Amino acid sequence: MTDRWSQAAARQDWMVAHRRALHQEPEVGLDLPDTHAYVAEALRGLGLTPTVHPGAGVTVEVPGTTDERPVVLRADMDALPVTERSGVEHPSRRDGAMHACGHDLHMAMLLGAAACLVEQPPRRRTILVFQPGEETDRGAVPTLARHAALALDDAEAFAIHVHATWPAHTVHLRAGTFMAFGDWFRVDYAGPGAHASQPHLAGNPVEAAGELVGRLRRRVAELAADEHLVATVTESLIGNTVNVIPTDGRLRGTTRTLSSGRRETLHRELTDLASATAAEIGVEASTTITEGYPAVVNDAAYVDRVRAAVGGRAELVEMVEPSMVIEDFSYFLQRWPGAMVYLGAQVPGHDAFNHAADAVFDEAVLATGAALHLLAADGLPAT
């Protein structure tokens, strides 16, 4: 049997070409017509027959050589609404869109794995999934629902996420909670408004928002002493001129927690703080919390198998704490046992994390990622 690591390495240049083509044509959200078409055509070029559902991704099956449990390998496809400042030689050609999270690498790795599986079939029946809408659109949900190939009672699931600030080729593992619960909040303010020269006559939503941001930061620090959590205000839309106290406005942001109990506590504290600080200033606050993604929870036995299968072919790093990033691969792991791992992809001299406009990723890790997918397709043999 061909060594999967060597087989993946032989596809490195082919994967780089696909990665760069995808990087130059990013699309955001669930509706990714060009990306769907590109991936499907690449799979057809390998002699495979993909299934395409607009807004729900692309899947393709590769038969296995045994009757063992099937494997689902997943790559996300969507980009971010970010204007690129990476300085790479193959930048985005689409204004306001960039593969700043490395999903272009994820697609290229899985395409590379597909090419290798055509050359040498996997031990297990393997379903490759290219999924849109990971960033904020729960793309995993329609993808899992629309593809007949995913109507499996018994399977395993595996995925990789590149990490822009961890050393290239390092594989970061963690059993149990791997990534956080993620939710979104919105605080809407309403007050009487007034002339800016008479602040004593009306509460000011700007002041209420500022008070909330400060107190929320302090309260989060207190709660995090027992269990790490995050509440980040990311948007403020209040007022539109210099001489009017506004009547309304809003804040938006995200929370990240590692347990359902602490999730409920943080939501309650946020709501109470918003109401209390608004009342002190003389305005009203209405808080809406939108449930986001479940935590990514890795199966401990599966992680052990990943660790054994990788052996000494890549540096393994045990994660002491979960990542506070969120990922809708969590929906796959709610259906089947499996795991997600981080793959370090840092370019020396660069320290911008995923989602930054100047984020860059080391393309050399494509072969490592493809090899990991191939090991999963073969059932993660220990030797």
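Keep in mind it's a predicted model, so treat the numbers as computed, not measured. Just so you know, these numbers use all the heavy atoms, side chains as well, and skip hydrogens, waters and symmetry mates.
Screening His106, Glu84, Glu25, Met107 against His99 for a side-chain contact (heavy atoms from CB on, under 4.5 Å) leaves a single residue, Met107. Pro246 pairs with exactly one of Val283, Thr241, Val206 by the side-chain contact (heavy atoms from CB on, under 4.5 Å) rule, that one being Val206.
Listed for the Thr277 side chain is a donor-acceptor partner under 3.5 Å among the backbone atoms of Ala274. Within the 3.5 Å criterion, the main-chain N or O of Ala97 finds a donor-acceptor partner in the side chain of Ser92. Side-chain atoms of Ser323 come within 3.5 Å of backbone atoms of Val325 as a donor-acceptor pair (strictly under, hydrogens ignored). One N or O on the side chain of Ser275 and one on the backbone of Thr271 form a donor-acceptor pair closer than 3.5 Å. Side chain of Asp378 to main chain of Arg123: a donor-acceptor pair is present (N/O by atom type, distance under 3.5 Å, no hydrogens or angles). The closest donor-acceptor contact from the side chain of Asp362 to the backbone of Val365 lies at 3.5 Å or more, if one exists at all. Looking at Asp183, its side chain does come within 3.5 Å of a backbone N or O of Gly292 through a donor-acceptor pair. No donor-acceptor pair under 3.5 Å is formed between the side chain of Asp358 and the backbone N or O of Gly87. Of the possible donor and acceptor atoms, none in the side chain of His103 sits under 3.5 Å from a partner among the backbone N and O of Pro26. Side chain of Trp5 to main chain of Leu372: no donor-acceptor pair is present (N/O by atom type, distance under 3.5 Å, no hydrogens or angles).
Note: the hydrophobic cluster containing Ile245 does not contain Ile281 (ILVMFWY, side chain heavy atoms under 4.5 Å, direct or indirect links). Clustering ILVMFWY residues whenever any of their side-chain heavy atoms sit less than 4.5 angstrom apart, transitively, puts Met319 in a cluster other than the one holding Val317. A single hydrophobic cluster is seen to contain both Ile289 and Val213, as judged by linkage of ILVMFWY side chains at heavy-atom distances under 4.5 Å, directly or through other members.
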**Q.** Pair His228-Leu258, side-chain contact (heavy atoms from CB on, under 4.5 Å): steps then yes or no
**A.** CA-CA 7 Å; His228 191 40; Leu258 299 177; 4.2 Å; yes

Q: Would you please test Glu211 and Arg215 for salt bridge (Lys or Arg N to Asp or Glu O under 4.0 Å) and show each step?
A: CA-CA 6 Å; Glu211 190 68 22; Arg215 289 199 203 177; 2.9 Å; yes

Q: Give the intermediate values and the outcome of side-chain contact (heavy atoms from CB on, under 4.5 Å) for residues Arg11 and Val16.
A: CA-CA 9 Å; Arg11 283 282 177 175; Val16 167; over 6 Å; no

Q) After noting the C-alpha distance and the side-chain angles of Asp328 and Gln131, does the key distance pass the side-chain contact (heavy atoms from CB on, under 4.5 Å) rule? A) CA-CA 10 Å; Asp328 72 350; Gln131 176 218 302; 3.0 Å; yes

Q: Please lay out, stage by stage, how Arg217 and Glu222 fare under the test salt bridge (Lys or Arg N to Asp or Glu O under 4.0 Å).
A: CA-CA 9 Å; Arg217 177 180 293 180; Glu222 294 171 354; over 6 Å; no

Q: Please report the C-alpha distance between Gln7 and Gln120 in whole Å, then the side-chain angles of each, then the deciding distance to 0.1 Å, and finally whether the side-chain hydrogen bond (donor to acceptor under 3.5 Å, both in side chains) criterion is met.
A: CA-CA 9 Å; Gln7 190 185 22; Gln120 178 180 306; 4.8 Å; no

Q.
Using side-chain contact (heavy atoms from CB on, under 4.5 Å), reason through His355 and Val82 one step at a time and then give a plain yes or no.
A. CA-CA 8 Å; His355 289 212; Val82 171; 5.9 Å; no

Q.
salt bridge (Lys or Arg N to Asp or Glu O under 4.0 Å), that's the test. Do Glu68 and Arg124 meet it? Break it down for me.
A. CA-CA 6 Å; Glu68 296 178 39; Arg124 300 187 178 200; 3.2 Å; yes

Q | His163 and Phe353: CA distance, side-chain angles, deciding distance, ring-ring contact (aromatic ring centres under 6.0 Å, His included) verdict | A | CA-CA 7 Å; His163 195 295; Phe353 186 44; 4.9 Å; yes

Q.
Working note: Tyr331 + Arg138, criterion side-chain hydrogen bond (donor to acceptor under 3.5 Å, both in side chains); need CA distance, chi angles, decisive distance, verdict.
A. CA-CA 9 Å; Tyr331 293 102; Arg138 302 177 202 268; 2.8 Å; yes

Q | Candidate pair His53 and Thr51, rule side-chain hydrogen bond (donor to acceptor under 3.5 Å, both in side chains), full reasoning | A | CA-CA 7 Å; His53 284 293; Thr51 299; over 6 Å; no

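Under the 4.5 Å side-chain criterion, counting only non-hydrogen atoms from C-beta, Leu266 is in contact with Val220. Residues Leu73 and Ile127 form no side-chain contact, since every pair of their non-hydrogen atoms from C-beta on lies 4.5 Å or further apart. You'll find the side chain of Glu27 reaches within 4.5 Å of the side chain of Arg94, heavy atoms only. Using a 4.5 Å heavy-atom threshold, the side chains of Leu366 and Arg19 count as touching. For the pair Thr49 and Glu61, the minimum side-chain heavy-atom distance is 4.5 Å or more. Residues His172 and Glu318 form no side-chain contact, since every pair of their non-hydrogen atoms from C-beta on lies 4.5 Å or further apart. With a 4.5 Å cut-off on side-chain heavy atoms, Asp78 and Asp76 count as touching. The shortest side-chain heavy-atom distance between Val171 and Glu315 does not fall under the 4.5 Å cut-off.
For Ser236, the side-chain contact (heavy atoms from CB on, under 4.5 Å) criterion is met by Ile238, Leu251, not counting sequence neighbours.
Between Glu156 and Arg305 a salt bridge is recorded (basic side-chain N to carboxylate O distance below 4.0 Å). Taking the charged nitrogens against the carboxylate oxygens, Arg20 and Glu89 have no contact shorter than 4.0 Å, which rules out a salt bridge. Remark: Asp3 engages Arg313 in a salt bridge, criterion side-chain N to carboxylate O under 4.0 Å.
Nearest heavy atoms, Gly96 versus Thr83: CA-OG1, 3.7 Å. Of all heavy-atom pairs spanning Pro121 and Pro63, the tightest one is CB-O, 4.2 Å. Residue Phe361 comes nearest to Cys101 through the heavy atom pair CZ-C, 3.7 Å, listed as atom of the first residue, atom of the second, then distance. Taking each heavy atom of Val320 and Arg174 in turn, the nearest pair found is O-NH2, 3.2 Å. Across Phe181 and Ala295, no two heavy atoms sit closer than the pair CD2-N, 3.5 Å. Heavy atoms only, all atoms of each residue included: Leu173 and Val306 are closest at CD2-CG1, 3.7 Å.
Between Tyr302 and Phe158, the ring planes are tilted. Angles from 30° to 60° get that label. Using the six-membered ring where Trp is involved, Phe178 and Tyr342 have ring planes that are tilted, between 30° and 60° apart.
Between Tyr293 and Trp184, the distance separating the two ring centers is shorter than 6.0 angstrom. Taking the six-membered ring for Trp and the full ring otherwise, His18 and Tyr38 have centroids separated by under 6.0 Å.
Summarising the local packing, CG of Asn243 is surrounded by more than 12 heavy atoms from other residues, nucleotides or ligands at distances under 6.0 Å. Heavy atoms of other residues, nucleotides or ligands lying less than 6.0 angstrom from CD of Glu284 number 12 at most. Heavy-atom neighbours of Asp154 CG from other residues, nucleotides or ligands within 6.0 Å: above the threshold of 12.
The CD atom of Glu227 sits 12.5 Å away from atom CZ of Arg263, with the distance rounded to the nearest 0.5 Å.
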